[in-house]
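Working notes, structure below.
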Amino acid sequence: MTEFKAADIANPALYGDQDRLQRFYAWLRQEQPVAFAEPEGCRPFWVVSRHADIRELERLPDIFNAGPRMTLLPISVEQSNIALFGVESGVYPLTAMDGVHHQNMRALTQEFFLPKNIRKLEESIRDHARAFVGNMKEASGACDFATDVAFWYPLRVAMSALGIAPEDEARMLTLTHELFGAADPAVRRPGLTEAEHMVAVKRDYLAFFDGITKDRIANPRDDVATLIATGMPGGAQMSDEERIGYYVIVATAGHDTTAASIVGGMKALIDNPREMQRLRDNPDLIKTFATEAIRWTAPVKHFMRTVTQEYELHGTTFKPGDHVMLAFGAATRDPEAFDDAASFRIDRSPNNHLAFGYGPHMCLGQYLAKLEIECFFHEFFEQIGSIELAGEAVYTEGNFVSGIRSLPVRYSRSLAAATA
Ligand code: HEM
């Protein structure tokens, strides 16, 4: 008798308990590789959790459309989104677009995110990393590594690429946490239902980015916000929902995810002191470590696809109009795809994880994210000698983007024990 049912995938509390989450993912992959889920308050969908199966579906974007159902939301939230914003996801970002329209929209910023252009940002990213680790070094030897350090550094990098002023960063961080944490009572605005909370958060995003658009049209700059504000995908004017969706995906996808991999990567090193020492002794391993930290944490737990034609997978026939959840979180620990999948190995190679997705929607910011993580840990090992846990890690309760939201640590500049 199993402790799980497929509908648990929607339960935010599951994501707050890492051991249980990994047991659930293992059960899905082994027992229910194509599971049917109908969680209370949500429209039904299929869940695909094996690495090879997700790749198979991601290779067929004309059959498995990215929109209109982009992520798993309660029906109440989808309905209020449709009533107020005209789309069930509330915004219309790249991740909900398909076909030529998606290609044209992606092309607006694709150049900016190419590895050769991201490398030009390396010096400034290193400066940010040095400053954030430097602040940590100057502090008292104890902090919450998530809320005091890791949340802020990728935010600074993403906001400077986007062109958002440092004084607006705290507001953006709150809005992002509110967007992804709507189901978490610790995050939701007091006195509001989940649907009311989501509407209030979206309205605040709209107001903020409306001001940015007006400013960049009047005063274009060398930043991603100007590309979005003035862009004409395929020669056509962008709708307000598309423009806002674009800002929101770059602003939100750009930092919470990377922060989750930095915090989770740090915790994995603390939990595996030998790997920590090996990395400290071999800085050349930082690249493979960064990729492993992303696989290990898989901050984006899923995206949804909408079926356009009949398609069979392991004896199950998906019908047009069905929805399929791609459970990236489960695929990144699939033992069929990775040797010793449940171990954190800083030198894992190859490491074809699906934490960045796959196919035409594969993460646009992947090179930026990797470079950020590499720069951070490089600086960390330069400046901080030892680190240990000073309390329990607390995970966000959220089924879409989630990770550690609190990691109390003690550290020291010297290589002696952190408590010395
Ligand atoms: C560890 C960090 C990150 C993870 C795990 C991550 C994960 C993902 C995933 C799973 C997707 C959807 C892929 C699919 O549907 O197949 C995605 C798309 C996207 N990501 Fe990331 N991401 C990260 C960092 C970033 C950064 C730093 C940026 C930019 C500043 C970014 C921008 C985007 C954009 C714009 C898309 C939409 C691409 C499209 O639909 O064409 N991401 N990301």
Side-chain angles (χ1 to χ4, degrees), residues 48 54-61 64-67 69-71 89 91-99 101-110 112-114 117-118 121 125 150 153-164 172 176 180 223-225 227-228 233 242 245-265 290-306 324-329 331-332 353-376 400-403:
V48 174
I54 293 182
R55 281 199 3 172
E56 178 177 330
L57 271 45
E58 287 264 52
R59 283 197 188 100
L60 300 165
F64 296 95
N65 277 190
R69 193 178 184 185
M70 182 178 76
T71 58
S89 49
V91 285
Y92 185 38
L94 285 182
T95 39
M97 294 175 187
D98 287 287
H101 185 57
H102 169 250
Q103 283 163 26
N104 288 336
M105 290 286 282
R106 190 170 158 117
L108 276 185
T109 56
Q110 198 153 10
F112 181 94
F113 288 107
L114 287 178
N117 292 325
I118 291 302
L121 304 177
I125 294 174
Y153 156 68
L155 181 72
R156 172 73 42 89
V157 175
M159 294 301 117
S160 42
L162 198 52
I164 307 294
M172 289 307 304
T176 305
F180 293 143
D223 60 24
V224 176
L227 298 175
I228 299 171
E242 287 170 341
Y246 217 130
Y247 288 125
V248 171
I249 184 109
V250 175
T252 59
H255 65 91
D256 229 30
T257 46
T258 313
S261 288
I262 292 177
V263 187
T291 302
E292 178 70 343
I294 295 164
R295 178 189 81 93
W296 190 248
T297 52
V300 178
K301 303 297 185 261
H302 77 266
F303 266 105
M304 300 289 271
R305 297 292 184 255
T306 298
V324 181
M325 174 188 273
L326 308 178
F328 299 126
T332 57
H353 64 72
L354 294 178
F356 287 130
Y358 192 68
H361 287 276
M362 192 168 179
C363 180
L364 203 49
Q366 57 179 301
Y367 302 107
L368 179 59
K370 277 189 274 196
L371 184 59
E372 281 178 56
I373 299 171
E374 288 163 26
C375 289
F376 183 87
F400 177 39
V401 174
S402 54

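Whatever order the structure lists ligands and atoms in, that order sets their numbers, starting from 1.
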Candidate pair Met304 and Met325, rule side-chain contact (heavy atoms from CB on, under 4.5 Å), full reasoning: CA-CA 4 Å; Met304 300 289 271; Met325 174 188 273; 3.5 Å; yes

Verdict with supporting geometry, Phe303 and Phe400, ring-ring contact (aromatic ring centres under 6.0 Å, His included): CA-CA 8 Å; Phe303 266 105; Phe400 177 39; 5.2 Å; yes

Which pairs would a plain distance check flag for residues 362-373, meaning a side-chain donor or acceptor within less than 3.5 Å of a matching protein atom at least two apart in sequence or in another chain?
residue : atom : partner : partner atom : Å
Gln366  : NE2  : Cys363  : O            : 3.4

Tyr246 touching ligand 1 at heavy-atom level, < 4.0 angstrom: no

Residue-ligand contact Gly359/ligand 1, heavy atom below 4.0 Å: no

From [options] - option closest to [atom] by heavy atom:
atom                    : options                        : result
atom 14 (C) of ligand 1 : Arg305, Lys301, Met304         : Arg305
atom 16 (O) of ligand 1 : Glu58, Gln103, Gln110          : Glu58
atom 40 (O) of ligand 1 : Arg295, His302, His361, Met105 : His361

Sphere of radius 2.8 Å around atom 21 (Fe) of ligand 1 - protein N, O or S atoms inside: Cys363 SG

Residues in ring-ring contact (aromatic ring centres under 6.0 Å, His included) contact with His255, at least two apart in sequence or another chain: none

May I ask you to identify the nearest protein heavy atom to [atom], giving residue, atom name and distance to one decimal place in Å?
atom                    : answer
atom 10 (C) of ligand 1 : Ala355 O, 3.3 Å
atom 11 (C) of ligand 1 : Phe303 CE1, 3.8 Å
atom 1 (C) of ligand 1  : Ser261 OG, 3.6 Å
atom 37 (C) of ligand 1 : Thr95 CG2, 3.7 Å

Ligand 1 to Glu372 polar contact by distance, N or O atoms, under 3.5 Å: no

Heavy-atom pair with the smallest gap, counting every atom of Phe113 and Ile118: O-CG1, 3.5 Å

Shortest non-hydrogen contact from Met97 toward Ala66: O-CB, 3.6 Å

Proximal ligand 1 atoms for [X], defined as those under 4.0 Å from one of its heavy atoms:
X      : value
Pro299 : 5 (C)
His102 : 39 (C), 40 (O), 41 (O)
Tyr358 : 16 (O)

Residues that Glu56 engages under side chain to side chain donor-acceptor pair (under 3.5 Å), provided they are two or more places apart: Tyr311

Ser261 vs Thr297, side chain to side chain donor-acceptor pair (under 3.5 Å): CA-CA, chis, key distance, verdict: CA-CA 6 Å; Ser261 288; Thr297 52; 2.9 Å; yes

Region of Leu368 engaging ligand 1 - heavy atom pairs below 4.0 Å: side chain

Spacing of Thr306 atom OG1 and Arg69 atom CZ [to the nearest 0.5 Å]: 7.5 Å

Interatomic distance, Asp98 atom CG to Asn65 atom CG [nearest 0.5 angstrom]: 3.5 Å

N-O pairing of Glu292 and Arg295 below 4.0 Å: yes

Intermediate values then yes/no, side-chain contact (heavy atoms from CB on, under 4.5 Å), Ile294 and Phe356: CA-CA 8 Å; Ile294 295 164; Phe356 287 130; 3.6 Å; yes

Backbone N/O of Leu57 and side chain of Arg305: donor-acceptor pair under 3.5 Å: no

